[in-house]
Q: 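Below is a structure I'd like to ask you about.
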There are 2 protein chains.
Amino acid sequence: MRAASDDPSVPRRSKTDVVDAAMTVLAENGLPGLSMRRIADVLDVQVSALYWHFPNKQALLAAVSARIVGQGSDAGEIAEAATALRDRLLAHRDGAEVVSSSLALGLLDLPARARLVEGALVAGLTDAAAHVAADTLVHYVIGFTFHEQQRMHAAVVGAANAAVDLSPERISDPGDDFAAGLALIVSGIRAAARTGS
Amino acid sequence: MRAASDDPSVPRRSKTDVVDAAMTVLAENGLPGLSMRRIADVLDVQVSALYWHFPNKQALLAAVSARIVGQGSDAGEIAEAATALRDRLLAHRDGAEVVSSSLALGLLDLPARARLVEGALVAGLTDAAAHVAADTLVHYVIGFTFHEQQRMHAAVVGAANAAVDLSPERISDPGDDFAAGLALIVSGIRAAARTGS
DNA sequence: ACCTGAACACCGTTCAAGT
DNA sequence: ACCTGAACACCGTTCAAGT
């Protein structure tokens, strides 16, 4: 008679468990601290064990990225979809940077992109133009949020300089700035729809 | 009587020399291969010598980034300034990624940004809107080019998969796609100018 | 002023071997 | 199927010491 934890026929750790552990390490240490060894430590396992579940770190990061961006929700307006993506990135430490690299390496499917394409089509763009519009929005959302999250971290580390940077005259809500840039692109999309290209 | 190279009163290596060496390593090995040790090797120097010239790697990367983006050239149209920035990033291996991180860390002044703000003001935007427009364009240019450069590298490594990805029906010139996205944002800026906000 | 030499505390990845 | 233990070839950074 042996406990389930001793039974060799039962899986010990799944891919999901590994990603769970990675999310924990990411939340606590950020992307620079997200090492294979730290993930292994959380799982109480040797580093090499991780390589049974994932071929390399990039593949694991792609799974983490997929967790961050979630599944696609229902269709909606363009601005809504872009804002929803931004919120998911903001919800995880260094979320934008993690997603950015997985996306650039072609290792991540971004559900939000499909929603953006759909929204652009509804707005009246051609197929080709809708894809261009979606990519433009994706680059903007990720670029803006990446920049914002890096500055948040820098503000924590260099708290001394923060007082200088945050001179009251220059203060501006990043959320407002994000919305303003987004509005700029959306109005460009509407203009393109009118032109009929 | 001793040679100049033996004279301790003459500087041996300057910050410029270190950045030169870093540019060489970047060109040959890309950002992942841009290590302090490799830079030191090019200079025929110990790694620790680099820390007399720069306090850390990030500061060195900021100097490399400044070299990549160059000094600001004369004013011009918005689309020209954005395209000029993109060309500078494309001219160096992993240029967009290097610049992106320096910029996010607040370690780099982007001369192109001033030109973009100027162009937006000329187009008729308010001061605040011009800054938003410039940042939106910067995020787009860097995001697009980063994505493009990563895929170029991936295409070299995974040359086998490249044949699959490049199915003739889906082929599209990245330069054309860049211009199309840029036009979208520029037309959004023109629309904002008309609205008078 | 500019650099050496050595060390410290890490990395990602591989691989034979165990159960 | 899932993991251990040990090794390999690297990292960035620090610091006393040299010239």
Side-chain angles (χ1 to χ4, degrees), chain A residues 2-22 25-26 28-64 94 97-98 101-102 105 107 153 157-158, chain B residues 1-22 25-26 28-64 94 97-98 101-102 105 107 153 157:
Chain A
R2 52 183 168 196
S5 59
D6 290 343
D7 188 342
S9 74
V10 81
R12 282 167 268 185
R13 254 151 295 243
S14 64
K15 267 165 109 101
T16 305
D17 293 331
V18 175
V19 177
D20 284 345
V25 175
L26 180 63
E28 286 173 359
N29 307 95
L31 185 57
L34 184 55
S35 72
M36 298 298 271
R37 278 166 230 264
R38 290 231 249 250
I39 297 167
D41 279 355
V42 169
L43 289 169
D44 247 308
V45 125
Q46 297 289 324
V47 211
S48 48
L50 300 180
Y51 288 84
W52 192 90
H53 297 279
F54 291 95
N56 50 50
K57 191 184 180 180
Q58 276 300 346
L60 207 171
L61 284 181
V64 168
D94 293 336
E97 190 173 3
V98 175
S101 77
S102 296
L105 291 169
L107 265 33
H153 183 246
V157 173
Chain B
M1 189 187 218
R2 53 184 169 193
S5 61
D6 290 343
D7 188 342
S9 75
V10 80
R12 282 167 269 185
R13 254 149 297 242
S14 64
K15 266 165 108 100
T16 305
D17 293 330
V18 175
V19 176
D20 284 343
V25 175
L26 179 64
E28 286 173 0
N29 306 96
L31 185 57
L34 183 56
S35 72
M36 298 298 271
R37 277 166 230 263
R38 289 233 248 249
I39 297 168
D41 279 355
V42 169
L43 290 170
D44 246 311
V45 123
Q46 297 288 324
V47 212
S48 48
L50 300 179
Y51 288 84
W52 191 89
H53 297 280
F54 291 95
N56 51 49
K57 191 183 180 181
Q58 277 300 345
L60 207 172
L61 284 181
V64 168
D94 293 338
E97 190 174 2
V98 175
S101 77
S102 296
L105 292 169
L107 265 34
H153 184 247
V157 173

Q: Heavy atoms from C-beta onward define the side chain here; which of C:dC2, D:dG12, C:dG12 lies closest to that of B:S35?
A: D:dG12
Q: Please give the nucleotide sitting opposite C:dG12 as a Watson-Crick or G-U wobble pair, both distances under 3.5 Å, or none.
A: D:dC8
Q: So, is B:H53 near the phosphate of C:dA1, with a side-chain N or O under 4.0 Å from OP1 or OP2?
A: no
Q: Identify which one of B:V64, B:L61, B:I39 satisfies the side chain to side chain contact (heavy atoms under 4.5 Å, CB included) criterion when paired with B:L26.
A: B:V64
Q: How would you label the contact of A:R13 with the nucleic acid (heavy atoms, under 4.0 Å): base, sugar-phosphate, or nothing?
A: sugar-phosphate
Q: Just compare C:dT4, D:dT4, C:dT13 and give me whichever is closest to any side-chain atom of A:A49.
A: D:dT4
Q: Which base sits across from D:dT19 as a Watson-Crick or G-U pair, both distances under 3.5 Å?
A: C:dA1
Q: Roughly, in whole Å, what's the span from NZ in A:K57 to C1' in D:dC10?
A: 14 Å
Q: Does B:Q46 put a side-chain nitrogen or oxygen below 4.0 Å from OP1 or OP2 of C:dG5?
A: yes
Q: With a 4.0 Å cut-off on heavy atoms, is B:S48 in touch with a base, just the backbone sugar-phosphate, or nothing at all?
A: base
Q: Go through the steps to decide whether A:L43 and A:L50 satisfy the test side chain to side chain contact (heavy atoms under 4.5 Å, CB included), and finish with yes or no.
A: CA-CA 10 Å; A:L43 289 169; A:L50 300 180; 3.9 Å; yes
Q: If you pin B:L50 and A:R38 to their nearest nucleotides in DNA chain C, which one's is more 5'?
A: B:L50
Q: A:R37 CZ to D:dG5 C1': how many Å, rounded?
A: 12 Å
Q: Send over the distance from B:D17 CG to C:dC3 C1', rounded to a whole Å.
A: 14 Å
Q: Report the distance from atom CD1 of A:I39 to atom C1' of C:dT13, rounded to the nearest whole Å.
A: 14 Å
Q: Can you tell me, in whole Å, how much space there is between the P of C:dC10 and that of D:dA9?
A: 22 Å
Q: Quick one, A:L60 and A:M36 - any side-chain contact, counting heavy atoms below 4.5 Å?
A: yes
Q: Could you check whether any side-chain heavy atom of B:S35 comes within less than 4.5 Å of a side-chain heavy atom of B:N29, counting everything from C-beta outward?
A: no
Q: Between C:dC3, D:dC3, D:dT14, which nucleotide has the shortest distance from any of its atoms to the side chain of B:Y51?
A: D:dT14
Q: Rounded to whole angstrom units, what separation is found between the CZ atom of B:F54 and the P atom of C:dC3?
A: 12 Å
Q: I'd like to check B:R13 versus B:W52 (side-chain heavy atoms, cut-off strictly below 4.5 Å). Are they in contact?
A: no
Q: In whole angstroms, how far is the P atom of C:dC2 from the CG atom of B:D44?
A: 18 Å
Q: Nearest whole angstrom, please: distance from the P of D:dG12 to the CE of B:M36.
A: 7 Å
Q: Taking CG from A:L34 and C1' from C:dC10, how many angstroms apart are they, rounded to a whole number?
A: 15 Å
Q: If you check the A:W52 side chain, which of D:dG5, C:dC11, D:dC2 turns out closest?
A: D:dC2
